[in-house]
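Structure first, commentary second.
All values derive from a computational prediction rather than experimental measurement.
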Amino acid sequence: MALAAPEQTKVGQEFATSAQEHGGRTGYRIISVGVDGFLMRMEMINSAERTLDLQYYILHGDESGRLLTDAIVRAADRGVRVRLLLDDGETEPGDQQIFGIVGKRNVEVRVFNPFAYRGHNRFLKGTEYLFNHSRLDYRMHNKLLVMDNSAALVGGRNIGDQYFQIDPDSQFADDDMFVGGPIVHDLSGTFDEFWNSDLAIPVEALHKTNAHLGHRKTRPDKVKKAGFNYQEKLDSGEPLAGIIAGREALIWADAQVVCDSPEKKLGRQVPAVASRMYEPIARAIAQVKSELLIVSPYVVPP
């Protein structure tokens, strides 16, 4: 489960005090620039004292994925408990490098609703999907990083060069929301629910290996070519240091966490599970007086 006393960490104490000063609200900041989203993830991993929880649909084994994986290994080496939950729908050759940290002290990795076939042959994977469509069509699209149950990053970005605007051939437009304050506990609660689901399978059951990555150095070539001084910004602790110090303003506001259930495809279609996304959003829409803003990559007419 998530860290029970986050206020005992440095960042946890900072946000607990700030939240109290802002009437118990939570602080938010939108991060629209991809490279800033990458730096924020690196800084949160580097700053964690007790726990790191990461939940992603995609974690590519490209440059940004390897740099973040190296940072995770260093965090585990200094005693941070790491829980990494990944989906299994769109893995590519090379993505399995993340499983190299399995067996590392303080690290647990689980795969959500995995394929039985562990290779990358499209025909074999497609054949399994054809015969197990009802199960394998249920994917985990959540993107969440929680540090010490005190600060979180949630939004549309997976882990990969395309999401951080450092791939010269392909880039995705996404946003991250940095979150600091009480509602982080709700986000941690959604992570715990997925982590402890019957569909979250320990990677040891899928990959028979005890090897780990160690402290290998990944060259940030693409990051440097993207047009900013990666190491200088990383050494300065920005943008996280600026947020904690108050140089980068947060918006302190009320919000609600709405999250789907991992139980939907396990035959537990009780109304409380099946309507967890629909009902809160429908209630919010029904209360609109003058303006409604929705940001979504998909609109599915049914």
N158 and K143, any side-chain heavy atoms less than 4.5 Å apart:
yes
Are V154 and I30 joined in one hydrophobic group, where the rule is that I, L, V, M, F, W and Y side chains link up if heavy atoms are under 4.5 Å apart?
yes
Please examine the side chains of I98 and L84, heavy atoms only from C-beta on, and report whether any two atoms are closer than 4.5 Å.
yes
pair W195-F112: side-chain heavy atoms closer than 4.5 Å
no
Taking only residues two or more places apart in sequence, or in another chain, which ones meet Y28 in a ring pair (Phe, Tyr, Trp, His ring centres under 6.0 Å)?
none
Are N196 and M1 side-chain neighbours, meaning at least one heavy-atom pair lies under 4.5 Å?
yes
Please lay out, stage by stage, how V203 and L86 fare under the test side chain to side chain contact (heavy atoms under 4.5 Å, CB included).
CA-CA 10 Å; V203 76; L86 300 174; over 6 Å; no
Residues D148, R50; criterion salt bridge (charged side-chain N to carboxylate O under 4.0 Å, His left out); working and verdict
CA-CA 6 Å; D148 292 333; R50 299 278 299 281; over 6 Å; no
For F115, the other hydrophobic cluster members (4.5 Å side-chain criterion, sorted by chain and number) are Y129, L136
Does CD1 in I251 sit with more than 12 non-hydrogen atoms of other residues, nucleotides or ligands closer than 6.0 Å?
no
One pair to check against salt bridge (charged side-chain N to carboxylate O under 4.0 Å, His left out): E193 and R276. What are the steps and the verdict?
CA-CA 13 Å; E193 185 177 12; R276 278 177 45 174; 2.8 Å; yes
Got a donor-acceptor contact below 3.5 angstrom from the N132 side chain to the E128 backbone?
yes
Counting only N and O atoms by type, is there a donor-acceptor contact under 3.5 Å from the side chain of D87 to the main-chain atoms of M140?
yes
If you round to the nearest 0.5 Å, how far is CD of E108 from CG of D53?
10.0 Å
Yes or no on side chain to side chain contact (heavy atoms under 4.5 Å, CB included) for R110 and I201, after CA distance, side-chain angles and deciding distance?
CA-CA 5 Å; R110 296 183 183 179; I201 307 302; over 6 Å; no
About how many Å separate CD1 of I72 and CG of L145, when rounded to the nearest 0.5 Å?
7.5 Å
So the ring-ring contact (aromatic ring centres under 6.0 Å, His included) pairs with at least one residue in residues 39-62 (sequence neighbours excluded) are Y57-H141
Set of side-chain hydrogen bond (donor to acceptor under 3.5 Å, both in side chains) partners for N142, sequence neighbours left out:
none
Set of residues satisfying side-chain hydrogen bond (donor to acceptor under 3.5 Å, both in side chains) with respect to R81, sequence neighbours excluded
none
Salt bridge D254-R25, side-chain N to carboxylate O under 4.0 Å:
yes
Please tell me if the side chains of T91 and K125 come closer than 4.5 Å, counting only heavy atoms from C-beta onward.
yes
Flag side-chain contact, heavy atom, 4.5 Å: L144 against L153:
no
Can you give the donor-acceptor pairs under 3.5 Å from side chains of residues 239-249 to other protein atoms, not counting sequence neighbours?
| from | atom 1 | to | atom 2 | distance (Å) |
| --- | --- | --- | --- | --- |
| R247 | NH2 | E238 | OE2 | 2.5 |
| E248 | OE1 | R29 | NH2 | 3.0 |

Compare all side-chain heavy atoms of N106 with those of V82 and state whether any distance is below 4.5 angstrom.
no
Donor-acceptor contacts, no H, no angles, side chain residues 285-302, under 3.5 Å, sequence neighbours left out:
| from | atom 1 | to | atom 2 | distance (Å) |
| --- | --- | --- | --- | --- |
| S296 | OG | Y298 | N | 3.2 |
| S296 | OG | Y298 | O | 2.7 |

Are I31 and V33 side-chain neighbours, meaning at least one heavy-atom pair lies under 4.5 Å?
no
Quiz: residues 9-18 side-chain donor-acceptor pairs under 3.5 angstrom, not counting sequence neighbours:
| from | atom 1 | to | atom 2 | distance (Å) |
| --- | --- | --- | --- | --- |
| T9 | OG1 | P6 | O | 2.8 |
| T9 | OG1 | G12 | N | 3.1 |
| T17 | OG1 | Q13 | O | 3.0 |
| S18 | OG | E14 | O | 3.0 |

Test your reading of the model: is there a side-chain donor-acceptor pair from N113 to the backbone of L199, 3.5 Å cut-off?
no
Of all pairs that satisfy ring-ring contact (aromatic ring centres under 6.0 Å, His included), the ones with a partner from residues 234-260, not counting sequence neighbours
H22-W252
So, using ring pair (Phe, Tyr, Trp, His ring centres under 6.0 Å) as the criterion, who are the partners of Y117 when residues are at least two apart?
none
Check ion pair D192-R83 (N to O, under 4.0 angstrom)
yes
For the CZ atom on R118, are there more than 12 heavy atoms of other groups (residues, nucleotides or ligands in this structure) within a distance under 6.0 Å?
yes
D62/S64 under side-chain hydrogen bond (donor to acceptor under 3.5 Å, both in side chains): CA gap, chis, key distance, verdict
CA-CA 6 Å; D62 53 18; S64 58; 3.3 Å; yes
For residues 179-191, run the donor-acceptor check on the side chains, cut-off 3.5 Å, and write out each pair with its distance to 0.1 Å, sequence neighbours left out.
| from | atom 1 | to | atom 2 | distance (Å) |
| --- | --- | --- | --- | --- |
| S188 | OG | N149 | OD1 | 2.6 |
| S188 | OG | V184 | O | 3.4 |
| T190 | OG1 | L187 | O | 2.6 |

Derivation and outcome, side chain to side chain contact (heavy atoms under 4.5 Å, CB included), residues V111 and F99:
CA-CA 10 Å; V111 179; F99 299 135; 3.9 Å; yes
Can you list, pair by pair, the side-chain donor-acceptor contacts under 3.5 Å of residues 170-178, counting residues two or more places apart and other chains?
| from | atom 1 | to | atom 2 | distance (Å) |
| --- | --- | --- | --- | --- |
| S170 | OG | Q162 | NE2 | 2.7 |
| Q171 | NE2 | D167 | O | 3.4 |
| D175 | OD1 | S32 | OG | 2.9 |
| D176 | OD1 | R41 | NH2 | 2.9 |
| D176 | OD2 | R41 | NH1 | 2.9 |
| D176 | OD2 | R157 | NH1 | 2.7 |

Report the distance from atom CE of M277 to atom OG of S261, rounding to the nearest 0.5 Å.
11.0 Å
Any chance you could lay out the side chain to side chain contact (heavy atoms under 4.5 Å, CB included) test for D36 and F164, step after step, and finish with the verdict?
CA-CA 8 Å; D36 287 342; F164 300 128; over 6 Å; no
Within this structure, what is the CG-CG distance for the pair L68 and L54, rounded to the nearest 0.5 Å?
8.5 Å
